[in-house]
There are 2 protein chains.
Amino acid sequence: MSLATASRVLNGSTRKVAESYRERVEAAAEKLGYTPNLSAQATARGTSAMVALLVPDIADPASALLASGVARGAEEAGVVLTIAVTEHDPEREVRLVHALRGHRPRGLILAEARSGAPQGADLERELQAFADMNGRAVTVGGEEKTARSIALDDRAGARALGAELAGRGYREAVVVAAPAGLRASDARVEGFAEGFQSGGGEVREIRRSGFARDDGYAAARDLLADGLDAGTLVFAVSDAVAFGVMAAVQDAGREVGADIAVAGFDDIPAARDIRPGLTTVRVPLEEVGYRALRAVVETDPDASTPGLTLEVLVRESTPPRR
Amino acid sequence: MSLATASRVLNGSTRKVAESYRERVEAAAEKLGYTPNLSAQATARGTSAMVALLVPDIADPASALLASGVARGAEEAGVVLTIAVTEHDPEREVRLVHALRGHRPRGLILAEARSGAPQGADLERELQAFADMNGRAVTVGGEEKTARSIALDDRAGARALGAELAGRGYREAVVVAAPAGLRASDARVEGFAEGFQSGGGEVREIRRSGFARDDGYAAARDLLADGLDAGTLVFAVSDAVAFGVMAAVQDAGREVGADIAVAGFDDIPAARDIRPGLTTVRVPLEEVGYRALRAVVETDPDASTPGLTLEVLVRESTPPRR
DNA sequence: TTGTACGCGTTATCAC
DNA sequence: GTGATAACGCGTACAA
């Protein structure tokens, strides 16, 4: 028979093909361990069954959890997932999007969105080029004009956390944040300040640090060296950083909780295992990743998204104080 | 000018092309935001600049760390990385390898190797088919005939841990392990038993559980319900599971360390942040991932690998006992 | 329903 | 050094 017939049975074309042929083709494919050459398929179709995910650091538990959700969705949708690591570097991010574009992926998921558009011009250009070849970009909480976005109200979550802790008697706080310009971090800093102040507290300082546990450790060490009053609350914009803060506090011979309170953000799995348990805001990262993937493959313009809620989780790292 | 010339400047062919042409081509490419269609490139070349990684669960810190190393190597080698999740399911693993093959990746990295070859026949067939199309497969500690392997002596590491803890006075141990048939888990169980017994200890029981933190929790809960003498050591074959064990012990009102000692394996980053600090064996997972990627792209038959060593890390979860 | 033939974007083999 | 041109493996009008 002809190649065309075989092609039709193997790639689920709308066309119908006689059962006898279909069986023979399938048997042959099975016997030969045949796999369609997806590259050739992609050149012919102009797009490939692939979705690319860009995360700042795959070793970071939050990124890993998000990636996990994306992977689940990808498996379900039958697309392969490629993951690239930006290391929080905007230039690298642009380069990666450019390179990834070469594979003509169906979609692109950007896990780390930036706020403001200063250096975002290059990215925007790449995303536009990507859109021009019918690719769909999705950002997590971003505001790119050329991309869809998974809504995530970090600001409201942080506000609720700030209010809750002010209500528990904390009056002075120090925030350990990522460098300005990142949507999630910025929103968390602002939201926390709003909530904490509304409850009568005061944010003494915003300390900039990196994104990893060790960066949090270093920041807290410096903070402690500069002198930190007992009863102060340290709010780190991510649990990973909060872990470092806790370690630094303990290494300095102070007690986390009664002496220096610590709160984080994300609720990574280890947050409940660490001692004292870390007060934080739960972000449904796995679900966020899954939805991002869905947003990529979904054909509907905008399928209804029930709305993702962030939940404040108070644990032992912030005992009531009065 | 001709397409051929443009192609030559854009893909770093060995051929030389006049400087004037080169400049014009590069300028045009830049202006148009041109990206070579890697799919077409792959069809033409017969292989793509892509490496696929299969991990059991990307949300697991150990897998994430390994993936991180692979990603670093991939970036360095200029290949894109695709990640698929097996969920520890052999059948799914085979399906994934088959599907991934469609992309004609240059290489394939299997993070979770199995011991024994009962159900490994299908996998072996896929790997053989992959090798036939000039793909290179690498397993972490595996023994597939059709794949290279990154050597990792889990057995020796576990033996050292067992000996060390027996030397610290522990006499009775319970092992919480993954289902039999997985190389890493099996090697760790056997090694630990050897070391512990050589030091005068005795392994009372080998309890099978899943791979995640919650599985460890459940296993420990059952173990405690069945009655666990004070002074018993619980060795979990991974830190993730050990975290769950610790939580269960604490939730049962017993103290980790003085009462029930706990040890793990991997030394995931959180192992030093949890309290008490978790005694474990450090596996250089990031480096393992990096090497696996190198082994895929390396042209030399077998570039010298300095040898990866596992190091016993004794922390507070296993205080001296006598 | 099935077969033919062309196109997808790129590389590689030839002549020039 | 450069330019035609035939693959690469597959999708898909279009014709049969």
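The figures here come from the full heavy-atom set of this structure, side chains too, leaving out hydrogens, waters and symmetry mates. Because the structure is a prediction, the values reported are computed rather than measured. Residue numbers begin at 1 in each chain, while the letters A, B, ... track the order of the sequences.
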query: Which residues in residues 25-42 of chain A have at least one heavy atom lying under 4.0 Å from any atom of DNA chain C?
result: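 Within residues 25-42 of chain A, no residue comes under 4.0 Å of DNA chain C.
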
message: Under 4.0 Å, heavy atom to any atom of DNA chain C: which of residues 43-51 of chain A qualify?
response: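 Heavy-atom cutoff 4.0 Å gives A/Thr43, A/Ala44.
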
- prompt: OP1 or OP2 of D/dA4 sitting under 4.0 Å from any side-chain N/O of B/Ser2?
  reply: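 No, no such contact exists.
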
message: Does C/dG3 have OP1 or OP2 under 4.0 Å away from a side-chain N or O of A/Thr5?
response: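 Answer yes for this pair, as a side-chain N or O of A/Thr5 is under 4.0 Å from OP1 or OP2.
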
- request: Check every strand shown and say whether A/Ala18 touches a base, only sugar-phosphate, or nothing at a heavy-atom separation below 4.0 Å.
  value: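 Here A/Ala18 touches the backbone only, sparing every base.
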
message: For B/Arg183, is there an ion pair with B/Glu143 - N to carboxylate O distance below 4.0 angstrom?
response: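 Result for this pair is no, no salt bridge flagged.
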
- prompt: Can we say A/Arg148 and A/Glu298 salt-bridge, meaning some charged N sits less than 4.0 Å from an Asp/Glu carboxylate O?
  reply: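 No, A/Arg148 and A/Glu298 are not salt-bridged.
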
field: A/Ser63 side-chain N/O to A/Asp57 backbone N/O, donor-acceptor pair under 3.5 Å
entry: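 Yes.
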
Over how many whole Å does the gap from [X] atom [atom1] to [N] atom [atom2] extend?
{"X": "B/Arg22", "N": "D/dG1", "atom1": "CZ", "atom2": "P", "result": "12 Å"}
{"X": "B/Arg8", "N": "D/dA4", "atom1": "CZ", "atom2": "C1'", "result": "10 Å"}
{"X": "B/Leu10", "N": "C/dG9", "atom1": "CG", "atom2": "P", "result": "15 Å"}
{"X": "B/Asn134", "N": "D/dC8", "atom1": "CG", "atom2": "P", "result": "15 Å"}
{"X": "A/Leu3", "N": "D/dG11", "atom1": "CG", "atom2": "P", "result": "10 Å"}
{"X": "B/Arg24", "N": "D/dT2", "atom1": "CZ", "atom2": "P", "result": "11 Å"}

field: Verdict with supporting geometry, B/Lys145 and B/Glu124, salt bridge (Lys or Arg N to Asp or Glu O under 4.0 Å)
entry: CA-CA 8 Å; B/Lys145 282 133 202 72; B/Glu124 198 72 31; 5.9 Å; no

field: With B/Arg104 via side-chain hydrogen bond (donor to acceptor under 3.5 Å, both in side chains) - residues at least two apart
entry: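 With neighbours one apart ignored, the set is empty.
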
Straight-line distance of B/Gln41 CD to B/Thr47 OG1, nearest 0.5 Å: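 It comes to 11.0 Å.
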
- request: To the nearest 0.5 Å, tell me how far A/Leu66 CG sits from A/Asp60 CG.
  value: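 CG of A/Asp60 is found 10.5 Å from CG of A/Leu66.
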
task: Please examine the side chains of B/His103 and B/Thr82, heavy atoms only from C-beta on, and report whether any two atoms are closer than 4.5 Å.
output: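 No - every pair of side-chain heavy atoms lies 4.5 Å or more apart.
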
- prompt: Passes salt bridge (Lys or Arg N to Asp or Glu O under 4.0 Å), B/Arg95 versus A/Glu75? Steps please.
  reply: CA-CA 11 Å; B/Arg95 281 208 317 275; A/Glu75 161 80 11; 3.7 Å; yes

